[in-house]
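The basis for the numbers below is simple: all heavy atoms, side chains too, and nothing from hydrogens, waters or symmetry mates. Convention: sequence-line order gives letters A, B, ...; per-chain numbering from 1.
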Amino acid sequence: MIRLENIWKTYEMGDQKLHALREINEEIRTGEHIALIGPSGSGKSTLLNIIGCLDQPSQGSYSFDDTEIAHRTPQELADIRLHELGFIFQAFHLVPRLTALENVTLPMLFAGIPKAERLERAKSVLASIGLEPWFDHRPAELSGGQKQRVAIARATVMNPRVLLADEPTGNLDSDSGAQVLELLNERNRQGITLITVTHDPNVARQAHRVLVLRDGSIVRHIEGTHLQSLSELFTGFDSMDSPSD
Amino acid sequence: MLGSDVLQFSATALLQHRRRTLLSLTGVVIGVTAVIFLTGLAEGARRYVFDQFSSLGSNIIIVIPGKTETSGAMPGVGSAPNDLTLNDTLALQRELTGVRTVIPVAAGNDTISFGERRRQVVVLGTTHEFLKARDLTLAHGSFLPKAAMDRGSQVIVIGDTVSRELFLGQDPVGQVLRMGGRRMRVIGVMAKEGERMGQDIDDMVFAPVSTVMQLFNRSTLFRIMVEQHAYTDQEYTKARIISVLRERHGDEEDVTLITQDAVLDSLGGILRALSLGLAGIGAISIAVAGIGIMNVMLVSVSERRAEVGLLKAMGATRRQILAIFLAEAAMLSTAGGVIGLGFGWLLLQILRIIYPVLPAATPLWAVVSVIALAVCTGPLFGVIPAWRASRLDPVLALQRK
C-alpha cells in the first residue's frame with residue numbers, strides 16, 4: 001500500500017547540500033508492522049514525516065494505495081492525514097486545555113462530524129482501552145502512560161489504515177511503555193499498518209520488519225529470527241548518538 | 001468543520017488565558033465606549049438645538065424683507081428696497097391656496113409703565129392667529145381679539161416676566177398700562193415660555209398689528225408668517241409667495257423665505273459634522289485596539305506552535321487553522337464591542353441624570369457602525385497572525401524544543 005521509490009530529501013544550507021534521505025526504495029504492505037531504527041540524524045523521523053504526508057520528498061515518488069502523493073495539494077494531503085493516517089508522538093501532544101474526551105474528538109471536529117456522534121465515538125474508543133474514569137481529566141491530571149493511551153485513542157478514532165508512531169514509549173517507564181506497546185500491537189493485529197520510529201529494542205523486536213537507517217539510507221532489513229539479535233545494533237547506535245538528541 | 005465547532009474550539013483557547021483575553025478586550029471596550037458616549041453627547045446637543053428651533057413649526061414659512069444669499073441667516077431690517085406691508089399680507093391671504101393663515105408681524109422696542117414701574121420690552125404687533133401658529137400658551141385672560149388687520153384696538157397681552165415685574169403678583173388682566181403715550185388694557189398673560197429661537201417670550205408684549213404700526217409710526221412689517229396646511233407642498237407655497245410678492249414689488253425678488261427645515265438643515269449639518277468627528281476619534285481608538293488584538297494573537301500563535309502542528313498532523317486544513325484563529329480574534333473584538341456598548345449606554349444614563357436638559361442618546365447609525373467596526377476589527381487585525389498559523393510547517397511546529 002505504501003511504495004517509496006528513489007526518495008531523496010535534501011536541505012540546502014548555503015552552498016552545502018545536506019541529504020537527510022538518500023535513495024530510499026521500500027514497499028510496505030497493508031497490516032505490516034515496521035520499525036525504523038538508526039542513530040539520531042539517520043533520517044528515521046524525516047522518513048516517517050514523508051510517509052505521514054507532513055513533509056514532501058525533494059525527489060522520488062511516494063505512492064499511497066497506488067496514488068502518487070508527491071504532487072498533491074496541501075488540502076488533499078490534509079484529507080489523507082485526516083482519513084487514512086494516525087500520528088502518535090513521543091511528547092504526546094495533547095491539547096492541554098482540553099479534557100481527554102475532547103482531545104479524542106479533535107480529528108472528528110475537522111471531519112465535520114456532528115457533536116453527538118463525536119462524543120459517542122470518543123467515549124467508546126476511550127472506554128475500550130480502560131480510560132472511562134478519565135474522560136473529563138485534562139492532560140496535566142493524567143500519567144504519561146494514560147496520556148499516550150489518550151493519544152492512541154485520538155490517532156485511531158477516525159479508523160485510519162496506517163498508524164505512525166514516533167518514539168511512542170520514549171517518555172514512558174517500562175510498565176507504561178509495555179501497555180502502550182500492547183495497545184499498538186493490538187491495533188496492528190486488527191489490520192492497521194503500524195510504522196514505528198524507535199530507540200527501544202523491545203519495541204523494534206515486536207515489528208514484522210526492521211529497517212535500519214544510517215546517514216539517510218536504509219542499510220539493513222532485519223526480519224524473522226534475526227530480530228532476536230537486535231540489541232547489539234542498538235548498543236552501537238547509542239554510542240553514535242549526538243549529544244543533542 | 002462546523003462553524004459552531006470553530007467558535008467553541010476558539011473559545012476554549014481564549015478562556016485558557018483569561019487575563020490576556022481581558023486585557024486585549026479592554027482596548028476595544030474603551031474605543032466603543034468612547035464612540036457610543038461621544039456620539040450620544042453630540043446627538044444630545046443636536047436634539048437640544050432642534051427642540052429649540054422646532055418650535056417654529058414645520059408648516060411655517062417666514063417671509064423676511066430683503067434678499068439674502070443664504071437661507072437661515074437673518075437679514076438686516078430695512079435694507080430691502082421694498083418693505084413688507086399689511087397689503088402684502090392681505091394679498092398673500094387672497095392669492096395663496098393650501099394655506100391656513102397669513103400673519104403679519106410688526107416689532108419694536110418700547111417702554112411700558114404701570115404706576116411707578118417701567119420696563120423696556122419688545123413689542124410684537126400681530127393678529128389673534130399668532131398664538132396658535134407659534135404654539136404658545138396663554139396663562140389666563142385672552143389673546144388678541146379676532147378683528148380685521150387694519151383695525152387696531154388698545155389692548156395688550158403681556159409675557160410672564162413682564163406680568164411679574166410690573167404687577168408684582170396682582171392680576172394684570174383688566175388693568176391699564178401705558179405704552180408710548182397710549183393707554184393699553186391688559187387682556188391676557190402668556191404662560192411662562194422661556195426662550196424661543198433666541199427670543200425671550202416672557203419679556204415681550206403682544207398688541208394688534210395696526211396698533212403697533214401706528215405706535216412706532218411705521219408702514220412696514222418686521223416679517224410675515226405663512227402657515228400652510230400639512231398636506232400642502234412647501235416648495236409650491238414658497239414659489240407662490242415669491243411670485244405674489246414679486247408681482248407686487250415691481251417684478252423684483254426682494255424677500256427671503258425661512259423655513260424650519262432650512263434652519264435645521266444648516267445647524268444640523270454642523271452638528272452632524274461634530275458627531276462624525278467624535279465618532280471618527282473613537283473609531284481611531286478602535287483601530288489602535290485592533291493592533292493590540294494583533295499583538296495578542298501573534299503571541300498566541302507562537303505559543304501554540306505545537307498545537308497548530310498537531311492539528312495539521314491530525315488533518316486540519318490551512319483554511320480550518322485560519323478559521324480557528326480568525327474566530328478567536330473576532331470573538332475578542334466582538335465581545336469588546338458588546339461590553340463597550342454596555343459601558344457607553346451606562347455613561348449616557350449617568351449623563352442624563354446629571355444633565356436632564358440634554359437629551360443624550362446614541363444615534364442608531366453610530367451604534368450599528370461601531371459594532372460593525374468592532375466585529376470587523378478582530379478578523380482584520382487577526383489576519384496576519386492567523387495566516388502565519390495556517391502556514392506553519394507541521395514538522396517544524398511539532399519538533400521538540
Side-chain angles (χ1 to χ4, degrees), chain A residues 9 11 20 45-46 48-50 52-56 73-99 102-115 117-118 138 151 154-155 157-158 160 164 166-167 170-171 244-245, chain B residues 1-21 296 299-328 331-332 386-401:
Chain A
K9 180 72 184 178
Y11 296 104
S45 292
T46 306
L48 194 75
N49 287 334
I50 287 177
C53 302
L54 285 177
D55 208 351
Q56 299 266 22
T73 64
Q75 172 85 33
E76 289 168 326
L77 292 177
D79 203 54
I80 291 171
R81 290 198 294 269
L82 181 63
H83 294 285
E84 309 285 355
L85 308 172
F87 283 89
I88 295 147
F89 308 93
Q90 180 176 7
F92 320 125
H93 287 311
L94 298 178
V95 179
R97 61 178 182 278
L98 302 181
T99 63
E102 288 166 338
N103 265 289
V104 177
T105 59
L106 272 181
M108 295 185 277
L109 202 70
F110 299 116
I113 293 171
K115 190 171 183 180
E117 190 188 336
R118 288 203 302 262
R138 288 176 211 283
R154 181 180 65 192
V157 75
M158 289 290 292
L164 302 154
D166 195 350
E167 304 274 11
N171 278 359
S244 66
D245 189 50
Chain B
M1 198 173 184
L2 308 170
S4 58
D5 293 336
V6 174
L7 291 179
Q8 223 169 356
F9 184 78
S10 303
T12 63
L14 291 177
L15 289 174
Q16 192 189 12
H17 297 284
R18 275 160 226 248
R19 189 180 304 159
R20 191 164 75 190
T21 301
V296 163
V299 170
S300 177
V301 169
S302 66
E303 268 185 7
R304 285 155 65 197
R305 280 170 62 88
E307 179 184 321
V308 173
L310 168 81
L311 299 184
K312 286 196 152 186
M314 283 190 315
T317 59
R318 282 178 184 173
R319 201 176 292 176
Q320 285 169 331
I321 304 281
L322 196 72
I324 285 170
F325 282 92
L326 281 182
E328 271 179 45
M331 278 195 274
L332 272 179
W387 179 257
R388 275 197 185 182
S390 75
R391 292 277 150 172
L392 272 182
D393 177 353
V395 174
L396 292 177
L398 280 167
Q399 257 170 11
R400 282 159 281 161
K401 293 202 176 91

### Task
Taking B:Arg18 for its side chain and B:Leu15 for its backbone only, find out whether a donor-acceptor pair lies under 3.5 Å.
yes
### Task
Give a yes or no answer on whether the side chain of A:Arg138 reaches the backbone of A:Pro96 with a donor-acceptor pair at less than 3.5 Å.
no
### Task
Answer with side chain, backbone, both or neither: which region of A:Leu98 has an atom nearer than 4.5 Å to a non-hydrogen atom of chain B?
side chain
### Query
What's the spacing between A:Ile50 CD1 and A:Ser45 OG if we round to 0.5 Å?
11.5 Å
## Note on the structure
Here the gap from B:Thr317 atom OG1 to B:Leu311 atom CG, rounded to the nearest 0.5 Å, amounts to 10.5 Å
### Task
Please look at B:Ile324 and chain A and tell me whether the side chain, the backbone, both or neither of the residue comes under 4.5 angstrom of a heavy atom of that chain.
side chain
### Partner chain B: residue of A:Leu82, A:Asp79, A:Leu164 with the largest heavy-atom pair count (under 4.5 Å)
A:Leu82
### Task
Can you sort out the partners of A:Asp55 under salt bridge (Lys or Arg N to Asp or Glu O under 4.0 Å), two or more places apart, ordered by chain and number?
A:Lys9
### Contacting region of A:Pro107 [heavy-atom separation from chain B under 4.5 Å]
both
### Task
Could you check which of A:Met158, A:Arg118, A:Glu102 has the highest count of heavy-atom pairs closer than 4.5 Å to chain B?
A:Arg118
